[in-house]
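Only one structure is covered here, and it is reproduced in the block below.
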Amino acid sequence: MIAEWLQSIPPLAVYLTVLFVVGIESFGIPLPGEIVLVTATLMATRPELAVSAIWVAVCALIGAVVGDSIGFAVGRRYGIGLLEAAGRRFPKHFGPGHVAIAERAFERWGVLTVIVGRFIAILRILAGPLAGALKMPYRKFMPANLVGGVLWTFGTTALVYALGVAAESWLKRFSWAGLVVAVLVGLIVGFLVKKRVIGLLTRPEEGAPAA
């Protein structure tokens, strides 16, 4: 039943969903962009679904770059007050702790935060608006936005596609189990990376005076 349902989804609908969800998330609205990207890539490992992994990555890249640019423009226009208002409205996604972590990232890494932030859910949502609110020059933001977008979209797509194909070949008798294994591996790796980065951002810098 799952296979029949998936085969009924047009590839164009998959591409547009990836573009839309990743774009909205990059704009600053919490949507599961990474999950959608991983799912669409796993669909591309199934030849009968006719989904192209390359087009999945291209649509994700367009959504990421355009969404981040819009978020940057909004943050530059309305400033940090917008994030504070969003924090009161959506404390689970834009609470003071989230904004503080993002600000700490910009303090430590500067424009590199835009690149690194692509791989961390909290920063992926806040990097564009916060970069604009902090008045980062767009000539610095846009190259970092593009580099981070390419690394995240094409890197994630290539890795997940390879894992999906490998799992499929190892577990031919349990084809959907292969996809489940690939998803679990991706989620575990993503969680460990997120935990590591947040740990670095919340740890006092070496040599800093004690409070």
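For reference, positions follow the sequence shown, starting with 1.
- Under the 4.5 Å side-chain heavy-atom criterion for grouping Ile, Leu, Val, Met, Phe, Trp and Tyr, Met43 is not connected to Leu12 through any hydrophobic cluster.
- Other residues, nucleotides and ligands contribute more than 12 heavy atoms inside 6.0 Å of the CG atom of Leu112.
- Residues Val14 and Ala40 approach most closely at CG1-CB, 3.7 Å, considering heavy atoms.
- A heavy-atom distance below 4.5 Å is not found between the side chains of Trp152 and Leu61.
- In this structure, the salt bridge (charged side-chain N to carboxylate O under 4.0 Å, His left out) partners of Arg124, at least two apart in sequence or on a different chain, are Glu25, Glu34.
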- request: Begin with the C-alpha distance, continue with both residues' side-chain angles, and end with the deciding distance and a verdict on side-chain contact (heavy atoms from CB on, under 4.5 Å) for Thr41 and Thr156.
  value: CA-CA 9 Å; Thr41 303; Thr156 299; 5.8 Å; no

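- The stretch residues 52-75 participates, sequence neighbours left out, in these salt bridge (Lys or Arg N to Asp or Glu O under 4.0 Å) pairs: Asp68-Arg118.
- Counting only heavy atoms from C-beta outward, the side chains of Phe27 and Val66 never approach each other to under 4.5 Å.
- A distance of 5.0 Å separates CG in Leu151 from CZ in Phe119, rounded to the nearest 0.5 Å.
- Using a 4.5 Å heavy-atom threshold, the side chains of Val36 and Thr17 count as touching.
- When the side chains of ILVMFWY residues are joined at heavy-atom separations under 4.5 Å, either directly or via intervening members, Leu42 and Leu16 end up in two distinct hydrophobic clusters.
- For residues 57-77, every residue pair satisfying the ring pair (Phe, Tyr, Trp, His ring centres under 6.0 Å) rule, not counting sequence neighbours, is listed here: Phe72-Tyr138, Phe72-Phe141.
- In this structure, the separation between OG1 on Thr153 and CG on Leu37 is 7.5 Å, given to the nearest 0.5 Å.
- Not counting sequence neighbours, Tyr78 has no partner by the side-chain hydrogen bond (donor to acceptor under 3.5 Å, both in side chains) test.
- Other residues, nucleotides and ligands contribute over 12 non-hydrogen atoms within 6.0 Å of the CZ atom of Phe154.
- Here the shortest heavy-atom pairing between Ser26 and Ala64 reads OG-CA, 3.5 Å.
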Contacts under 3.5 angstrom, residues 125-134 side chains, donor-acceptor by atom type, not counting sequence neighbours:
none

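- Val111 and Ala144 make their closest contact through CG2-CB, 3.6 Å (heavy atoms, listed as atom of the first residue, atom of the second, distance).
- Residue pairs meeting the side-chain hydrogen bond (donor to acceptor under 3.5 Å, both in side chains) criterion with at least one member in residues 49-63, sequence neighbours excluded, do not occur.
- Between the CG atom of Leu146 and the OG atom of Ser69 there is a distance of 9.0 Å, given to the nearest 0.5 Å.
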